[in-house]
Colleague: 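Before I ask anything, let me first share the structure, which is written out below as structure tokens.
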Amino acid sequence: MITMFDDSHATIGQLETFIDSSETFSITSRCPRRERAEWMYKLLVRFKYRKLKRRAKGVLLRYIERITQLNEKQIDRYVRAYKRGGKLC
């Protein structure tokens with residue numbers, strides 16, 4: 001088991017580099033739903049998702065998809081809840 005601290009990814013460019021390089025290995029996520037939702041919420045807040053341009057939003061969502069193994073529709077539900085100010089979980 002590997003615990004990932006993604007605080008070192010400070011820019012969208014760094015996330016993009018991670019996504020590109022992570023294609024060569026497999027990532028499996030086995031964390032509880034609530035913990036995953038909290039992580040996604042913190043990430044959306046840290047990168048100021050609402051203020052990002054379309055391309056940057058896409059990179060951030062691909063990063064979340066790669067780490068959590070959720071599909072696009074599932075992530076979209078979390079993002080909609082975040083935009084409404086509701087709970088993600």
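When reading the values below, keep in mind they use all heavy atoms of this one structure, side chains included, and skip hydrogens, waters and symmetry mates.
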Colleague: Answer yes or no: is there a side-chain heavy-atom contact under 4.5 Å between Ile12 and Tyr63?
Modeller: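 No. Closest side-chain heavy atoms not under 4.5 Å.
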Colleague: Looking at every non-hydrogen atom in both residues, tell me the closest pair between Ala37 and Tyr78 and how far apart they are.
Modeller: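 What the structure gives for the nearest pair is CB-CE2, 3.7 Å.
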Colleague: Holding to side chain to side chain contact (heavy atoms under 4.5 Å, CB included), I want the full list of residues that pass it with Glu38, two or more places apart in sequence or in another chain.
Modeller: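 Partners of Glu38 under the side chain to side chain contact (heavy atoms under 4.5 Å, CB included) test: Arg34.
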Colleague: Would you give the length of the straight line joining atom NZ of Lys51 to atom NZ of Lys57, rounded to the nearest 0.5 angstrom?
Modeller: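 Here the rounded value is 12.0 Å.
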Colleague: Return the set of residues passing ring pair (Phe, Tyr, Trp, His ring centres under 6.0 Å) with Tyr49 (not counting sequence neighbours), or none when no residue passes.
Modeller: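 So Tyr49 forms no ring pair (Phe, Tyr, Trp, His ring centres under 6.0 Å) with any residue.
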Colleague: Give, for atom OH of Tyr82 and atom CG of Leu43, the distance between the pair rounded to the nearest 0.5 Å.
Modeller: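 Result: 10.0 Å between the selected atoms.
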Colleague: Could you work out, with side chain to side chain contact (heavy atoms under 4.5 Å, CB included) as the rule, every residue matching Gln74, not counting sequence neighbours?
Modeller: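 Testing Gln74 for side chain to side chain contact (heavy atoms under 4.5 Å, CB included), a comparison that skips the adjacent residues, returns Leu70, Asn71, Arg77.
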Colleague: Kindly write out the residues that satisfy salt bridge (Lys or Arg N to Asp or Glu O under 4.0 Å) with Arg55, not counting sequence neighbours, or none if the list is empty.
Modeller: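 Partners of Arg55 under the salt bridge (Lys or Arg N to Asp or Glu O under 4.0 Å) test: Glu16.
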Colleague: Let me confirm one number: the CZ-CG distance from Arg66 to Leu61, rounded to the nearest 0.5 Å.
Modeller: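 If I round to the nearest 0.5 Å, the distance is 15.5 Å.
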Colleague: Is there a side-chain contact between Leu44 and Leu60 in this structure, where contact means two heavy atoms from C-beta onward sitting under 4.5 Å apart?
Modeller: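 Of all side-chain heavy-atom pairs linking Leu60 with Leu44, at least one is under 4.5 Å.
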Colleague: So which atom in Phe47 and which in Leu15 form the shortest heavy-atom distance, rounded to 0.1 Å?
Modeller: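 Distance-wise, the nearest heavy atoms are CZ-CD1, 3.7 Å.
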Colleague: Once side chain to side chain donor-acceptor pair (under 3.5 Å) is applied, do any residues pair with Arg54, and if so which ones, sequence neighbours excluded?
Modeller: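 Counting only residues at least two positions away or on another chain, Arg54 forms no side chain to side chain donor-acceptor pair (under 3.5 Å).
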Colleague: May I ask you to test the Phe18-Ile67 pair for a side-chain heavy-atom distance under 4.5 Å?
Modeller: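 Yes, close enough: below the 4.5 Å cut-off.
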Colleague: At what distance, to the nearest 0.5 angstrom, does CD1 of Ile75 lie from CD of Glu65?
Modeller: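 Atom-to-atom, Ile75:CD1 and Glu65:CD are 5.0 Å apart.
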Colleague: Report yes or no: does Arg50 contribute a side-chain atom to a donor-acceptor pair with the main-chain N or O of Lys83 at less than 3.5 Å?
Modeller: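 Yes, because the side chain of Arg50 sits within donor-acceptor range (under 3.5 Å) of the backbone of Lys83.
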Colleague: Could you pull out all residues at least two apart from Arg80 that satisfy side chain to side chain donor-acceptor pair (under 3.5 Å)?
Modeller: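 With neighbours one apart ignored, the set is Asp76.
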